[in-house]
Amino acid sequence: MPSETTDKNTLPTRTTTGRTVQNDEAMLSVRGLKKVYQTDGGPIEAVRNLTFDLRAGELACLVGPSGSGKTTLLKCISGLMAPTEGQVLLDGVEVSGPPKKMAVVFQEYGRSLFPWMRVRENVELPLKNQRVPKDERDRLVNEALEAVGLSHVPKSYPWQLSGGMQQRVAIARAVAYQPEVLLMDEPFAAVDAQTRADLEDLIRTVWKKLGITVLFVTHDIDESVYLGERVIILSSSPTVIQEDLVIDLPAERDQLNTRSLPRFTELRHHVYEQIQLAKAGHRPAAAAK
Amino acid sequence: MDKTKKARRRPTKQLLGIAGIIGFLLTWEAIPWVGIVDARFLPPASEVTLALVRDFGLAAFWLAVGETMLAWFIGLALAVLAATLLGFIIGSSAFLRGFTNSTVEFLRPIPSVALIPLAVLLFGVKMESSLMLIMYASFWQVFIQVLYGVADVDNVAMNTAKSYGLGQFARIRHVVFPTTLPYLMTGVRLAASVALILAITAELVIGSPGLGREIALAQSGGAISGMYALVLATGLIGVLVNLAMRFVERKTLSWHSSVRAEVIV
């Protein structure tokens, strides 16, 4: 189904529709997803038609101009909101509510973490709710806190920590939950640049270590190219896929060297161009249908 | 504020408070002495304080305090329980909120004391009369706060809970209840004071057993300084109740931004 187009400027692996794979290979499938909000001022079409697959163990970034329905899409995928049309399949099963195999990290860590619980209790709560036995729970929480570098503050309250550390707690909570798919909704948009770089590397590390599938929503082009194995670019609203781009950077990435690679600059340049096009209202040929 | 400054300021503030009380007592002492008010109607502070200290040694006094506090506690506890339960149920449903809103706005402003005749008709001169008035007055204080609290639940916190598979009951327990707790505590603190006022009023007017009735008896028996001593005692109880409530609030809400020391920007 994907229409591979040969590109004149060294970008062979791009498609103007979302990439799909054989059914049994897909961990997460989005099929013909459409979301129309009913408002007092009439219906608003936030997402028109989205189809793409994520293979198990893939790390994909989703970028798009602001207001391109990124959050809407993520809410539909995470089962927090029902799509108007189309469906989301997780490991072949249609998503109709928040699935057990999925964890979400939100942008607003300050509101997503519960201020009435200590760091450890925050991380532990979803496991407790799943009735994971105490020993197992302790092990998972310790490992997760260790993985994000926060073993030293389990008794602190989230609000006693810096923004970056709070987001680490939220990531630890997601990791301890042992999801197969991790959704991240602009998780680093509210932290400072240096913390952000650390957290990006943390995500790469966690992703490699756990072998989970990650869908990372961001509005930051550099971040999407640096993090992803693949970048899905959304058009402006009503949203379709502008382009699905493979990031062929080496698997070992680091802030200094990867970002200074000529290939990084090329890819970054390309994504930037596409976003500018999307902002200007350009839509891929497939969306005209 | 840095530490030394804070440490230096606190005793000054306390000293000022104590000086204020002494000033008040001295003025009170002086008024009947100078003759602005007849000493028969306003005995000097020293005499009233002495009467109060004497009361402290009497079993009958403590019995009356016990009766008042029992009515206060039972009435308050039942009101808080009912208001919390109903507040959560009604607050969680937009339909129920809309359905009950106008009724609540009508019932809430009715002063509890207007129900005294009804209470007497229903229960006579017993503690149940006090309880009814106390409950009616305290209920609204808590109920309204709980409604606000339930409405204040953060969207992101709720979505987080949902995405981690917390069911309806778990969400109420781990998200809605903690969010509502600060509101609930405010409601309970307000209700505790109101309940005390109503407890004394009921005893005073209806004559159900307790400090209020003792005040009425002291007045009709001409024991004016005894009466003032009992009034002082009710004031002291009010202060203690408020202190206790603030203490409980600080303990249960140590995580809340109104209580916690650290401020994160």
Side-chain angles (χ1 to χ4, degrees), chain A residues 71 74-75 77-81 95 97-119 121-132 156-166 169-170 173-174 176-179 181-186 190, chain B residues 3 84 87-88 91-92 94 98 145-146 148-188 247-265:
Chain A
T71 301
L74 214 66
K75 276 190 176 160
I77 294 178
S78 60
L80 290 170
M81 197 161 69
V95 169
K100 163 70 191 84
K101 292 176 179 171
M102 204 182 264
V104 189
V105 174
F106 294 89
Q107 179 189 333
E108 306 93 335
Y109 46 80
R111 294 161 62 194
S112 178
L113 296 171
F114 301 148
W116 45 86
M117 288 182 181
R118 294 168 196 277
V119 164
E121 293 162 333
N122 263 293
V123 177
E124 201 178 15
L125 177 65
L127 300 174
K128 250 186 177 162
N129 187 60
Q130 301 284 351
R131 301 189 194 287
V132 176
S156 301
Y157 283 98
W159 39 266
Q160 292 171 318
L161 307 175
S162 68
M165 281 166 97
Q166 290 186 46
V169 176
R173 180 170 61 183
Y177 192 59
Q178 296 182 291
V181 175
L182 178 58
L183 302 179
M184 307 191 86
D185 186 8
E186 306 200 11
Chain B
K3 232 176 195 164
T84 309
F88 268 89
S92 314
Q145 290 293 331
V146 171
Y148 284 137
V150 173
D152 192 42
V153 168
D154 191 293
N155 210 8
V156 176
M158 205 52 165
N159 277 339
T160 304
K162 279 184 189 161
S163 71
Y164 281 109
L166 270 71
Q168 175 100 37
F169 182 73
R171 289 204 299 271
I172 289 180
R173 184 174 155 209
H174 295 295
V175 183
V176 182
F177 184 72
T179 305
T180 311
L181 199 58
Y183 292 87
L184 178 65
M185 292 314 292
T186 306
V188 172
F247 178 77
V248 173
E249 208 173 341
R250 262 206 310 280
K251 284 288 154 194
T252 48
L253 298 180
S254 56
W255 53 271
H256 192 256
S257 51
S258 66
V259 177
R260 69 198 191 196
E262 292 93 329
V263 181
I264 289 287
V265 189

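Basis for what follows: all heavy atoms, side chains included, without hydrogens, waters or symmetry-related copies. Quick note on labels: first sequence line is chain A, next is B, and so on, each numbered from 1.
Both the backbone and the side chain of A:A174 have a heavy atom closer than 4.5 Å to some heavy atom of chain B. When heavy atoms are compared at a cutoff of 4.5 Å, A:R173 approaches chain B by way of both its backbone and its side chain. Using a 4.5 Å cut-off between heavy atoms, B:D154 touches chain A through its side chain atoms alone. Contacts between A:S78 and chain B at a heavy-atom distance below 4.5 Å are absent for every atom of the residue. Heavy atoms closer than 4.5 Å to chain B are found nowhere in A:Q107, neither backbone nor side chain.
The shortest non-hydrogen separation linking B:S163 to A:P98 is CA-CB, 3.7 Å.
Considering only heavy-atom pairs separated by less than 4.5 Å from chain A, the leading option among B:V156, B:L166, B:N155 is B:V156.
Within the 4.5 Å cutoff, the side chain of B:Y164 has no heavy atoms near those of the A:N129 side chain. Looking at heavy atoms from C-beta onward, A:F114 lies out of side-chain contact with B:W255 at the 4.5 angstrom threshold.
Once rounded to the nearest 0.5 Å, the distance linking NE2 of B:H256 with OH of A:Y157 reads 13.0 Å.
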